[in-house]
Amino acid sequence: MTGITLTGRPGTGAARPAKAPPLRPQNRQLAVLAVLLLLAVPLPLVLPPAQGAVAVRILIFALMAIGWNVMSGFGGMFSFGHAAFFGLGAYTSAYLLVEHGVSPWIGMLAGMAVAAAVAVVVGFFAFRYRLKGAYFALATFAFAEMLRLVVTTTEFTGKAVGFTVPLIQGSSLWKIQFAADSPAYFWIALALAGLAALVSILFLYSRTGRYVTAIRDDELAAASLGTPVLRYKLVTVALSAAITAVAGTLYTQYYLFVNPDLAFGSSVSIQAIAAVVIGGIGTVWGPVAGAVILGSLSDVTATLLRTPPGFLDFLQGRSGLDVAVYAVLLILIVRLLPKGIVGTIAERRRR
């Protein structure tokens, strides 16, 4: 006579333990984030100071890339002017600290608010006049360039000189200033990048995120079903700008200096875009993977330019090598891995 197993099905043998249900996609991503953060925490204790500085720069790249990916990856609104939001975050916090002694933490929040508000205004007019694709990208680029020129010629923002953050005696978490080789910079950058990744995960798998990706995939169909397209686009743009502004504040506090070209220059936007393209547009971990690759490449190329091996002596003192490597890498990625490293791996796992 057959028996009944623990699963409620008839059987003849011993009961098999029921398998645990697979993790939901959101929980899987959160688990990956927790593991990555735990693995990264001890890094500044084992890395040499020079490599620790590279690690901080990588985390700043990751913040920029995550911010860009929320808008252009999840939302499908390709931006070529994210330097505008990076610069607004950098300049807002720097001005409040240098001129009024306000903590960079408060300046960071103010920079996020300013960047988000400006992004909503710019986005409203861009969407109101139905700018899409290349036209939208050019509009964002023009806006960033306009801000760079305004800041360069405005006394209020220090003109072309910019702001130099005053040094303090000792270390201060409130002022985000520590000894040059302190691991605190890395841990703060790691916490901010981890928080940005957490926000992007929660956003992607939220109801708002599902609406945003539906609008990205077919805006006309989403609008025909009564989805408030403009509202969700503006929410996405504001969140993206706020995350990017955090990267600007962190950059200013780490390097203790900011000027119009560093904050609003097109190279800022290119770094954000390149990291996501290499890692995988529209994926959760593509921005992080791309930032690690680009940040490491920057260090490798800088080392080659300073002290190349004998057979590469012709590289010594030559500038622009990192840009050339970026260009070659982007061409190879686009040609061989059109969905980026993470995107291609995810696609092959689904087959």
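- Side-chain contact between Val56 and Phe61 is absent, with no heavy atoms from C-beta onward closer than 4.5 Å.
- Here the CD atom belonging to Gln271 is positioned 9.0 Å from the CZ atom belonging to Arg57, to the nearest 0.5 angstrom.
- Considering OG of Ser93 and CG of Leu109, their distance stands at 10.5 Å, rounded to 0.5 Å.
- No donor-acceptor pair closer than 3.5 Å links the side chain of Ser240 to the backbone N or O of Val237.
- Shortest non-hydrogen contact noted between Ala83 and Gly265 is CB-O, 3.4 Å.
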Q: Apply side chain to side chain contact (heavy atoms under 4.5 Å, CB included) to Lys233 and Val212, showing your working.
A: CA-CA 7 Å; Lys233 280 188 171 184; Val212 168; over 6 Å; no

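- The closest donor-acceptor contact from the side chain of Gln253 to the backbone of Lys175 lies under 3.5 Å.
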Q | Stepwise side chain to side chain contact (heavy atoms under 4.5 Å, CB included) check, Ser296 with Ile58 | A | CA-CA 8 Å; Ser296 302; Ile58 287 173; 4.0 Å; yes

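- Side-chain N or O atoms of Thr283 include none that pairs as donor or acceptor with a backbone N or O of Gly343 at under 3.5 Å.
- The aromatic rings of Phe156 and Tyr95 are tilted relative to each other, their planes meeting at an angle between 30° and 60°.
- Val258 places none of its side-chain heavy atoms less than 4.5 Å from the side chain of Val165.
- Two residues are said to be in side-chain contact when any heavy atoms from C-beta on lie closer than 4.5 Å; Glu219 and Lys132 meet this criterion.
- Between Gln29 and Tyr205, the closest side-chain pair of non-hydrogen atoms falls below 4.5 Å.
- Here the closest non-hydrogen pair linking Val118 and Phe143 is CG1-CZ, 3.3 Å.
- Taking the six-membered ring wherever Trp is involved, the centroid distance between the rings of Phe163 and Phe257 does not fall below 6.0 Å.
- With hydrogens and angles disregarded, a donor-acceptor distance shorter than 3.5 Å links the side chain of Tyr185 to the backbone of Phe178.
- Criterion: ILVMFWY side-chain heavy atoms under 4.5 Å apart, direct or through other members. Under it, Val246 and Tyr91 are part of a common hydrophobic cluster.
- Linking ILVMFWY residues whenever their side-chain heavy atoms come closer than 4.5 Å, directly or via other members, leaves Leu149 and Leu88 in distinct clusters.
- The closest side-chain heavy-atom distance from Leu63 to Leu59 is not below 4.5 Å.
- Nearest heavy-atom pair, Ala222 versus Ile215, reported as atom, atom and distance to 0.1 Å: CB-CG1, 3.9 Å.
- Under the 4.5 Å side-chain heavy-atom criterion for grouping Ile, Leu, Val, Met, Phe, Trp and Tyr, Leu204 is connected to Val32 within one hydrophobic cluster.
- In this structure, Thr252 and Ala94 approach most closely via the heavy-atom pair CG2-CB, 3.9 Å.
- Classified by interplanar angle (parallel below 30°, tilted 30° to 60°, perpendicular above 60°), the ring pair Tyr232/Tyr211 is parallel.
- Counting only distance, with no hydrogens or angles, the side chain of Thr249 and the backbone of Gly89 share a donor-acceptor pair below 3.5 Å.
- For the residue pair Ser72/His82, the side-chain donor-acceptor check at 3.5 Å is not satisfied.
- Cluster annotation: Ile188 and Leu256 are assigned to distinct hydrophobic clusters (Ile/Leu/Val/Met/Phe/Trp/Tyr, side-chain heavy-atom contacts under 4.5 Å, transitive).
- Here the CD1-CZ distance, from Ile66 to Phe203, works out to 14.0 Å after rounding to the nearest 0.5 Å.
- Trp105 places a side-chain N or O within donor-acceptor distance of the main-chain N or O of Leu173, the cut-off being under 3.5 Å.
- Side-chain contact between Ser266 and Phe141: present, with at least one pair of heavy atoms (C-beta onward) separated by less than 4.5 Å.
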Q: Evaluate side chain to side chain contact (heavy atoms under 4.5 Å, CB included) for Gln177 paired with Leu167, printing each intermediate quantity in order.
A: CA-CA 8 Å; Gln177 277 199 38; Leu167 294 174; 3.9 Å; yes

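- The backbone N or O of Pro287 lies less than 3.5 Å from no partner atom in the side chain of Asn69, so there is not a single donor-acceptor pair.
- Nearest heavy-atom pair, Ala223 versus Val229, reported as atom, atom and distance to 0.1 Å: CB-CG2, 3.9 Å.
- Annotation: Phe86 is not in aromatic contact with Phe264 [ring centroid separation under 6.0 Å not met].
- For Phe78 and Phe136, the distance between ring centers is not under 6.0 angstrom.
- If you take OH on Tyr255 and OG1 on Thr164, they are separated by 15.5 Å, rounding to the nearest 0.5 Å.
- The CD1 atom of Ile60 sits 4.5 Å away from the CG atom of Leu250 when rounded to the nearest 0.5 Å.
- Panel note: side chain Thr213, backbone Arg210; a donor-acceptor pair is recorded below 3.5 Å.
- Annotation: side chain of Leu96 is not in contact with side chain of Ile106 (no heavy-atom distance under 4.5 Å).
- Taken from CD in Glu347 to CG in Leu337, the straight-line distance is 10.5 Å, to the nearest 0.5 Å.
- In terms of modelled atom types and a separation under 3.5 Å, the side chain of Glu145 and the main chain of Gly81 share no donor-acceptor contact.
- With hydrophobic clusters built from ILVMFWY side chains whose heavy atoms lie under 4.5 angstrom apart, Val199 shares a cluster with Leu202.
- Shown here for Thr154 and Thr157, the closest heavy-atom pair between the two residues is O-OG1, 3.1 Å.
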Q: Apply side chain to side chain contact (heavy atoms under 4.5 Å, CB included) to the pair Phe127 and Met77, showing each step before the final yes or no.
A: CA-CA 10 Å; Phe127 303 141; Met77 297 164 280; 3.2 Å; yes

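- Using a distance-only test at 3.5 Å, with no hydrogens or angles considered, no donor-acceptor pair links the side chain of Thr92 to the main chain of Ala110.
- Residues Thr244 and Trp68 form no side-chain contact, since every pair of their non-hydrogen atoms from C-beta on lies 4.5 Å or further apart.
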